[in-house]
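Note sheet for the following structure.
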Amino acid sequence: MPHDLPKTYDPGAIEVRWAEYWVREKLFHVKTPEPGSDAARQPVFTLLLPPPNVTGRLHMGHMLNQTEMDIIMRWRRMRGFLALWVPGTDHAGIATQMMVERQLAAEGISRQKLGREAFIKRVWDWREHYGGAILAQMKRLGASVDWDREYFTMDENLSRAVTEVFVRLHEQGLIYRGAYIVNWCPRCMTAISDLEVVHEEYPGKLYQIRYPVAGQSGKFITIATTRPETMLGDTAVAVNPKDPRYFDLHGKRVILPLLDREIPIILDELADPEFGSGAVKVTPSHDANDFQAGLRHNLPQINVMDDQGRINENGGPYAGLDRYEAREKILHDLEHRGLMAGIKDHVYAIGKCDRCKTIVEPRLSTQWFIKIQPLADRAIAAVEKQEIVFTPENYSKTYFEWMRNIHDWCISRQLWWGHRIPAWHCGKCGHITVARSAANACGKCGSDNITQDSDVLDTWFSSGLLPFTVFGWPEKTRDLDIFYPTSLLITGFDILFFWVARMIMLGCHFMAEHSEGSVPFREVYIHALVRDAERQKMSKTKGNVLDPIEVTEKYGTDAVRFTLASMASPGTDIAFNESRTEGYRAFANKIWNAARFMFMHLDRVGGANLTGGLPQEADTLEDRWILSRLNRIAGSVNRSLVEYRFDEAANTIYSFFWGEFCDWYLEIIKPRLSGSAEDARCALEFLAYIFEGALRLLSPFMPFITEEIWHAMHEGTPPLKSIALSRYPQGEEHWLNDQAEEEMSVLQELIVSVRNLRAELKVEPRVKTPIRVQADTRIQELAQENRSMLERLANVEGIEFTAQSLAHAPGSRTTTRFEVALVYERQVDKAAESERLKKDLAKLEGQLANAERQLGNDQFLTKAPPHVVEGLKKQVRELKILIEKNNMALGALK
RNA sequence: GGGCGGUUAGCUCAGCUGGUUAGAGCGCCUGCCUUACAAGCAGGAGGUCCACAGUUCGAGUCUGUGACCGCCCACCA
C-alpha cells in the first residue's frame with residue numbers, strides 16, 4: 001500500500017472499492033453455528049432490516065435508519081457478538097400493483113384484459129428489473145448485512161409460512177369472514193385497513209334535508225348529512241328516545257325522498273339531540289355507526305355503490321352516476337322539490353386512501369378479519385412486563401394508546417399481487433374450506449366444484465411474521481433456536497402500528513413456545529424524521545427531497561453517516577443541513593491528513609512497526625495522557641451506544657480525534673518525530689498504537705476511511721480481512737491516568753493563556769517572547785520538565801519562574817493555578833485591557849456575591865451535601881484571590 | 001374530541017439522577033499560506049435557557065398554568 005496519499009481525501013475513489021470488497025468477501029455473512037463450535041458459544045445479536053418496498057427508492061429516512069443499524073451492528077460485531085443483520089424486501093401489494101398497472105396503462109392495456117395469471121407474471125418481471133434498487137444502494141453505502149440471507153416476502157418458503165399462519169389462526173377462531181363496513185378505495189377497488197386511511201381536515205358542507213312524515217302531509221323531519229348521496233341507502237331515521245321534540249313521531253314512518261321508500265323512525269342513542277336537528281338518517285351499508293344501529297333494529301342493508309364508487313342499481317334514477325355526480329343531482333332534485341332545509345359550512349375529517357389519496361368510502365363488504373383482542377392483550381402485556389423495551393420510552397405510551405383502542409383487522413384485499421387467501425368456496429353448498437395446500441374438494445359436501453378465494457392478504461400480514469419466518473418457521477430450525485428473538489428493531493414511528501405492533505402480536509402468539517421467549521425483539525429504537533434544512537418534511541410534491549446517493553457522492557458516505565449519527569438524538573427530528581455535512585467531510589479530511597502525517601514520518605524513518613501493539617510503557621507525559629484519554633473516551637462511547645445515543649458517541653469521538661489527538665498530541669510529538677531515527681521510531685510506534693485504536697473506535701461510524709487507513713497501516717498484510725472484524729476499544733481501566741490528565745490540563749491552560757496574551761498584545765506571529773510564571777513548585781517542576789513543549793506550542797523563548805505576583809504586570813493572565821505574564825516591550829492597549837479586566841471582575845464579583853449569599857444561608861449549610869458546600873467554599877477562596885489580582889492589575893493600568 | 005412532543009447563542013442542536021462558571025458544530029470578528037491538513041492553525045465576541053406562578057438551601061433541569069410551534073390517534077351525522 002503506497003503511502004503517497006493525496007493531500008485531500010477523495011472518498012469516491014475509495015468507497016466503491018471497499019463496498020464491493022465487503023460484499024465479495026462475505027464479511028458479514030453469519031453461518032448457522034455448528035453445535036459445539038466457537039461461534040455457537042458467542043453471544044448473539046440479531047437485527048431485521050425493516051424491508052423496504054420493492055417499489056421504493058432510497059430516501060434520507062432510510063439512510064438514517066441504515067446508518068443507525070449499521071453503527072450498532074458493526075459495534076456489536078466488534079464487541080464479540082455473532083452479529084446477524086438480515087436484509088430483504090417487501091412485495092408491497094397495493095404500491096407495486098399500482099406501479100405495474102400504470103406501466104400497463106401506458107401500453108394501453110388493463111390488468112383485467114391481461115388476466116390474473118399474466119398480470120402476476122408481469123409484476124414478477126417488474127420486480128426482477130426494478131425491485132432491487134434500495135438493496136443495491138445499501139450495498140454501495142456499506143451496510144454490514146448478511147447478503148446470503150436476503151429474502152423477499154413472496155418467496156416460496158415465506159409464502160408457505162403465511163398460509164400456515166392463516167390456517168392456524170382460522171382454526172383457532174381468530175380469523176373470520178363477514179360482511180361489515182370497511183374502508184373502500186374506489187380507485188384501488190379494494191378494502192383497506194383503518195391504518196391505511198389518512199384523515200385530513202376538509203372544509204365541506206352539512207346538508208339539511210327534509211324527510212316527509214308518512215301520512216301527515218306537510219309534516220317533515222329534518223336530518224343532516226355530509227354525504228347526501230348515501231340517502232339512497234337509508235333504511236331508517238333515528239331520533240334519540242329522550243328527545244322531547246320527537247315524542248309525537250315515535251312509531252311513525254317517513255318517506256325517503258327521491259326514491260319514495262317508506263322507512264321507519266327508530267329510537268336510538270345514535271341520534272345526538274345536541275347535533276343539528278337531533279334526527280339522523282340511518283344508512284347501514286355506508287356508515288359504521290349506522291351499520292351497528294341497523295343490527296340493533298334489524299334494518300335492511302341496502303348497498304348503493306359499486307366497487308368504483310358509482311351508484312348501483314339500488315340507486316333508482318341515479319344508477320350509473322359517480323358518487324359525486326349523484327350528490328349534485330340529488331341536491332338539485334331535493335332543491336327542486338323543496339326538501340332542502342339548509343346548507344351549512346362544515347369542517348370535518350375526510351378519509352383518504354394512504355396510497356392514492358382517493359376519498360375512501362365506508363361501504364358494506366364481505367371481508368376476512370382477524371379477531372384482534374386476544375392478540376392485543378398479550379402484546380400489551382409484553383411491553384408492560386418490559387419483555388420489549390422502547391427507546392425513547394415514551395413510545396410505549398403511544399403503543400398502549402393504540403393497542404388499547406384497537407379494532408379487528410381487515411386483512412383481505414381485492415388485489416392480485418400478494419399472498420392469495422388459502423380458502424376455497426364451494427359452488428354447491430357454499431361452504432368455505434380453508435386449507436394448507438390447494439383443496440380439490442369441498443371440506444363439507446365433497447363437491448369438486450370449488451374455487452379459490454380471489455382476495456390476497458394485506459401486505460403487513462406477511463411482514464408481521466418476518467421475525468420468525470425468516471428463520472425457517474414453521475420448521476423447527478436451528479436458526480430459530482439461535483436467532484429468535486431478534487435483539488433489536490430500529491425503525492421510524494410511522495410504521496409503529498403498521499408493522500411493529502403487528503410483529504409483536506403475531507410473534508407473541510406464534511412463538512409462545514420458544515425457549516428464549518416469544519417476543520419478536522427485545523428492544524425497539526424509534527428514530528426521528530429527517531427533514532430538510534428548513535425543518536420541512538421532505539416530499540416529492542414540495543421538491544425538497546434530498547437524494548442520499550447524491551449527497552453521498554458530494555461529501556462521501558462517511559461524512560453523511562456521521563452527520564446523521566451526530567444529529568440522531570432521541571425525540572427530535574433531524575433538520576438535515578448540508579453545512580453540517582461539509583463539517584464532517586472536513587473531519588474525514590482531518591483523519592486522512594493525520595494518516596498522511598504518520599506515513600510521511602514513517603517513510604522518513606525508513607520503517608517502524610505500526611501494528612505491533614503498545615510498544616512500551618508510556619514514558620512521556622503526552623503518551624500517558626493520550627493513552628488515558630483514548631481509553632476514557634472509549635468507555636464513554638460504549639456507554640453512549642448502549643443507550644443509542646449516537647449523537648453523544650459521534651461527538652465524543654469527533655472532539656477526541658480533532659481536539660485532543662490532532663490539535664495537541666500530534667503537535668506535541670512533532671519534535672520527537674523529527675529527531676533521531678530511534679526516537680522517531682519509538683514515537684511513531686506509540687502514535688500508531690493510539691491512531692489504530694482511534695480508527696477502530698471510529699470505524700462503525702466511518703467504515704470506509706477507517707478501513708482504508710487501517711489497511712494502509714498494515715501494509716497489505718492485515719491480520720484480519722477488515723477493521724470491521726477487529727475488536728472494539730472498550731476503555732481499559734488500567735490505562736486511565738488521572739494525574740497525567742490533570743498535568744496536561746495545566747500545561748494546556750498555560751499555553752492557551754500565553755497564546756491569548758500574544759493575540760491581545762498583537763505580538764507578531766514570528767516573534768518569540770519570554771514569559772514569567774508564578775505557580776507552586778509542583779507546577780513549576782511540571783513546566784520545567786515540559787519546557788520545550790511549552791515554548792514551542794506557546795511560541796515562547798525562555799521561562800522565568802518567580803515568587804512574586806504578576807497580577808499588576810502589563811499583559812498578564814491569572815488563573816487559579818498560576819499567573820503568567822509576557823515579557824514584551826509592546827505598549828499595552830490600556831483602554832482595551834482595562835475594559836477586559838472590568839468585565840472579568842464584574843463576572844467574578846457576581847459569582848462571589850452569589851456564593852457568599854449561599855454560604856451565609858444556614859439552610860444551605862445543613863441541607864446541601866458536604867461536597868457541594870466544600871466546593872463552594874473553595875470557589876470563594878479562589879474567587880477572592882482572582883478578584884484581588886484583577887484589582888491589582890486594574891490598578892497597575894492607571 | 002383524546003394523546004404525545006418541542007421552545008437553550010444568528011442557525012442546527014446537546015445539557016444524564018436539581019449542585020459551584022450553561023456546551024458543541026456551523027456562521028461571525030481578528031491574526032496566520034507555521035513542511036499532515038486553508039475542507040487548515042491560533043485567538044475572540046455572542047445566551048433575561050418562551051412567560052408567569054410554585055416546590056427547594058439551590059431550578060435550563062421538578063410541578064402547575066398560559067402562549068406559540070409540531071406530531072399522532074378518532075365512527076360525531
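In what follows, every chain begins at residue 1, and chains take the letters A, B, ... in the order their sequences are listed.
For A:K768, the side chain to side chain contact (heavy atoms under 4.5 Å, CB included) partners are A:N795, A:E797, not counting sequence neighbours. With sequence neighbours excluded, no residue satisfies side-chain hydrogen bond (donor to acceptor under 3.5 Å, both in side chains) with A:E401. Taking the side chain to side chain contact (heavy atoms under 4.5 Å, CB included) definition, one finds that A:N394 meets it with A:K397, sequence neighbours left out. Remark: A:Q301 engages no residue in a side-chain hydrogen bond (donor to acceptor under 3.5 Å, both in side chains) (not counting sequence neighbours). Residues satisfying the side chain to side chain contact (heavy atoms under 4.5 Å, CB included) criterion with A:R210, sequence neighbours excluded, are A:F220, A:T222, A:L339, A:A341.
Taking atom P on both B:A51 and B:A59, the two are 15 Å apart, rounded to the nearest angstrom. One C1' atom belongs to B:G15, the other to B:U8, and the distance between them is 9 Å to the nearest Å. B:C50 sits 33 Å from B:A42 when the P atoms are compared, rounded to a whole Å. Nucleotides B:C76 and B:G54 are separated by 39 Å at their C1' atoms, to the nearest Å. Across B:C72 and B:G25, the matching P atoms stand 34 Å from one another, rounded to whole Å. With both ends at atom C1', the span from B:U20 to B:G27 equals 32 Å, rounded to whole Å. Look at the P atom in both B:U65 and B:G19: the space between them is 25 Å, to the nearest Å. The same atom, C1', is picked in B:A45 and in B:A9; the two are 11 Å apart, to the nearest Å.
Comparing B:C76, B:C73, B:G19 by their closest approach to the side chain of A:W402 singles out B:C73.
The side chain of A:Q292 contributes no N or O atom lying less than 4.0 Å from OP1 or OP2 of B:C75. Contact between the side-chain N/O atoms of A:H407 and the OP1/OP2 oxygens of B:A74 is not found at any separation under 4.0 Å.
A:R645 comes within 4.0 angstrom of the backbone, heavy atoms only, and of no base. Residue A:N857 is classed as a sugar-phosphate contact, given heavy-atom separations below 4.0 Å to backbone atoms only. Among the heavy atoms of the strands, none lies under 4.0 Å from A:L861. Backbone-only engagement by A:Y348 is indicated by non-hydrogen atom pairs under 4.0 Å involving sugar-phosphate atoms exclusively. Within 4.0 Å of A:A271, counting heavy atoms only, lies at least one base atom of the nucleic acid. Residue contacts for A:H346: at a heavy-atom cut-off of 4.0 Å it reaches the sugar-phosphate backbone alone, with no base atom in range. As judged by a 4.0 angstrom heavy-atom cut-off over every strand, A:F497 is placed among residues touching the sugar-phosphate backbone only. Residue-level contact check: A:P362 touches neither bases nor backbone, having no heavy atom under 4.0 Å from any strand.
For A:E749 and A:R813, the salt-bridge test fails: no basic side-chain N is under 4.0 Å from an acidic carboxylate O.
One can place CD of A:E201 at 12 Å from P of B:C71, the figure rounded to the nearest angstrom. For A:D268 and B:C75, the CG to C1' distance is 14 Å, given to the nearest whole Å. The distance from atom OH of A:Y395 to atom P of B:C71 is 13 Å, rounded to the nearest whole Å. Between A:F646 atom CZ and B:A14 atom P there is a gap of 15 Å when expressed in whole angstrom units. The nearest whole Å value for the distance from the CG atom in A:N405 to the P atom in B:G2 is 14 Å. The CG atom of A:D287 sits 11 Å away from the P atom of B:C75 (whole-angstrom rounding). When rounded to the nearest whole Å, the span between CD1 of A:I751 and C1' of B:G43 equals 14 Å. Atom CD of A:E870 is separated from atom P of B:G58 by 21 Å (rounded to the nearest Å).
Residue pairs meeting the salt bridge (Lys or Arg N to Asp or Glu O under 4.0 Å) criterion with at least one partner in residues 643-655 of chain A, sequence neighbours excluded, are A:R645-A:D647, A:R645-A:E648. Legend: salt bridge (Lys or Arg N to Asp or Glu O under 4.0 Å) pairs involving residues 265-279 of chain A, not counting sequence neighbours, sorted by first then second residue: A:D268-A:R296.
The minimum heavy-atom distance linking A:E361 with A:R227 is given by the pair OE2-NH1, 2.9 Å. A:T815 and A:S753 get closest at one heavy-atom pair: CG2-OG, 4.3 Å.
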- Dot-bracket for RNA chain B, please, read 5' to 3', with Watson-Crick or G-U wobble pairs under 3.5 Å on both distances, ( ) within the strand, [ ] crossing, | other strand, . unpaired. (((((((..((((.....[...)))).(((((.......))))).....(((((..]....))))))))))))....

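A side-chain donor-acceptor contact under 3.5 Å links A:S745 and A:R817.
No more than 12 heavy-atom neighbours from other residues, nucleotides or ligands sit within 6.0 angstrom of CD on A:E393.
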Tell me which donor-acceptor pairs under 3.5 Å the side chains of residues 199-208 of chain A have, and how far apart each pair is, sequence neighbours excluded?
residue: A:E200; atom: OE1; partner: A:K352; partner atom: NZ; Å: 3.2
residue: A:K205; atom: NZ; partner: A:D345; partner atom: OD1; Å: 2.6

Could you list the donor-acceptor pairs under 3.5 angstrom formed by side chains in residues 864-873 of chain A, with sequence neighbours left out?
none

Protein-nucleic acid N or O pairs under 3.5 Å, nucleotides 4-6 of chain B:
residue: B:C4; atom: O3'; partner: A:N394; partner atom: ND2; Å: 2.7
residue: B:C4; atom: O2'; partner: A:N394; partner atom: ND2; Å: 3.3
residue: B:G5; atom: OP1; partner: A:N394; partner atom: OD1; Å: 3.0
residue: B:G5; atom: OP1; partner: A:N394; partner atom: ND2; Å: 3.3

- Message: Generate the contact string for nucleotides 33-42 of chain B. Rules: B means base contact, S means sugar-phosphate contact only, - means no protein heavy atom under 4.0 Å.
- Response: S--BBSBSSS

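Nucleotides of RNA chain B nearest to A:T225 and A:A864 differ in position, and the one nearer the 5' end is that of A:A864. Mapping A:E274 and A:V197 onto RNA chain B via the closest heavy atom, the residue that lands nearer the 5' end is A:V197.
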